[in-house]
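Order of the sequence lines fixes the chain letters, A, B, ..., with proteins taken first and strands second; residue numbering starts at 1 for each chain.
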Amino acid sequence: MEIPSPPGDWPRTEAEALAVQDELRRRVDETDHSPAPGASGTVVAGLDVAYDDARDVVAAAAVALDAESLDVIAGATAFGRVAFPYVPGLLAFREVPALLEALVRLREQSGREPDLLVCDGYGRAHPRRFGLASHLGVLTGVPTMGVAKNPFVFTSEEPRPGRGDSAPLMDGTEEVGSALRTRDGVKPVYVSAGHRVSLRAAEAHTLSLARRYRLPETTRRADALCRAALLEVTTRDA
DNA sequence: GCGACAG
DNA sequence: ATCTTGTCGC
């Protein structure tokens, strides 16, 4: 199989990536254009990536779910060379090329554009307010939001213990997201707005998508798919 | 200068 | 992210 290299014009240094980020961040739309959470007939896509740094391979997955039933409608994968090292605050430059390719394939396969993209990471909760979810939203125009498993550099009070309880995620005195409990007594997830999705809507989408497990079904499905894909491509030949 | 730090 | 066994609990 041919594993594509990153685009020739992809940033190669932190300085170049920061410049791109500074340019794209101005295009973020903060108003909410996301569908009603759980609405029938609407499609939500989950995105995730798995790596084999030693072999310089990245596997991305995009999985489309029916927002009401959470049934899987379609799934697509894409492979690539690792496009950028992991630098906190520049995660998008590592994951975006493969994710975009997976999204193209998902659209081809399902015959329609998702109504909402759920990313594994942050959107507005970012040192420069432009995390992976914001970045992908600006590039695709599709409403995006981020759900992360860790608070990154941000802080919050402990949310009350029940599902649906939340506490503001703060960068100093600015609210950049939400620590949201999706299951009783379980560690919260960290939700933030992306492009064309408000924080309040992102919280509602998260609760609608995480009915049984801590993480949204979208990211669980995407995670399973990209790991399986990576294992398959990495396990054959030498 | 020394850690911390989404995935 | 990834390296990794067993174990406690619903």
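Distance from the side chain of A:Phe152 is smallest to B:dC5 among B:dG7, C:dT2, B:dC5. Each of B:dA6, B:dC5, C:dT2 was ranked by its minimum atom distance to the side chain of A:Tyr122; first place goes to B:dA6.
In terms of phosphate contacts, A:Asn150 brings no side-chain nitrogen or oxygen within less than 4.0 Å of OP1 or OP2 of B:dC5. Close to B:dG7, at under 4.0 Å from its OP1 or OP2, lies a side-chain N or O of A:Lys149.
With a 6.0 Å radius and a threshold of 12 heavy atoms from other residues, nucleotides or ligands, A:Glu157 has its CD atom at or below the threshold. Enclosure of atom CD in A:Glu232 is not indicated, since only 12 or fewer non-hydrogen atoms of other residues, nucleotides or ligands lie within 6.0 angstrom.
A:Ala125 comes within 4.0 angstrom of nothing in the nucleic acid, heavy atoms only. Across all strands, A:Gly146 comes closer than 4.0 Å to no nucleic acid atom at all (heavy-atom distances). Using a 4.0 Å heavy-atom distance criterion, A:Leu90 is classed as a base contact. Residue-level contact check: A:Asp52 touches neither bases nor backbone, having no heavy atom under 4.0 Å from any strand. As judged by a 4.0 angstrom heavy-atom cut-off over every strand, A:Tyr51 is placed among residues touching the sugar-phosphate backbone only.
Rounded to an integer number of Å, the gap from CG of A:Asp53 to P of C:dT2 is 9 Å. Distance CZ (A:Phe154) to P (B:dA6): 10 Å, rounded to an integer number of Å. Between the CZ atom of A:Arg55 and the P atom of C:dT2 there is a distance of 14 Å, rounded to whole Å. Put simply, OH on A:Tyr190 is 11 Å from P on B:dA6, counting in whole angstrom units. Rounded to whole Å, the distance from CG on A:Leu99 to P on B:dG7 is 13 Å. Note: CZ (A:Arg227) to C1' (C:dT4) measures 12 Å, nearest angstrom. Put simply, CG on A:Leu47 is 15 Å from P on C:dA1, counting in whole angstrom units. Distance CG (A:Asp48) to C1' (B:dA6): 12 Å, rounded to an integer number of Å.
Remark: A:Glu68 does not engage A:Arg211 in a salt bridge, criterion side-chain N to carboxylate O under 4.0 Å. The pair A:Arg221-A:Glu217 meets the salt-bridge criterion, with a side-chain N (NZ, NE, NH1 or NH2) lying under 4.0 Å from an Asp/Glu carboxylate O.
A distance cut-off of 5.5 Å between ring centres, combined with a plane angle under 30°, places A:Tyr86 in a stacking arrangement with the base of B:dG7.
A:His135 and A:Phe93 have their aromatic ring centers within a separation under 6.0 angstrom.
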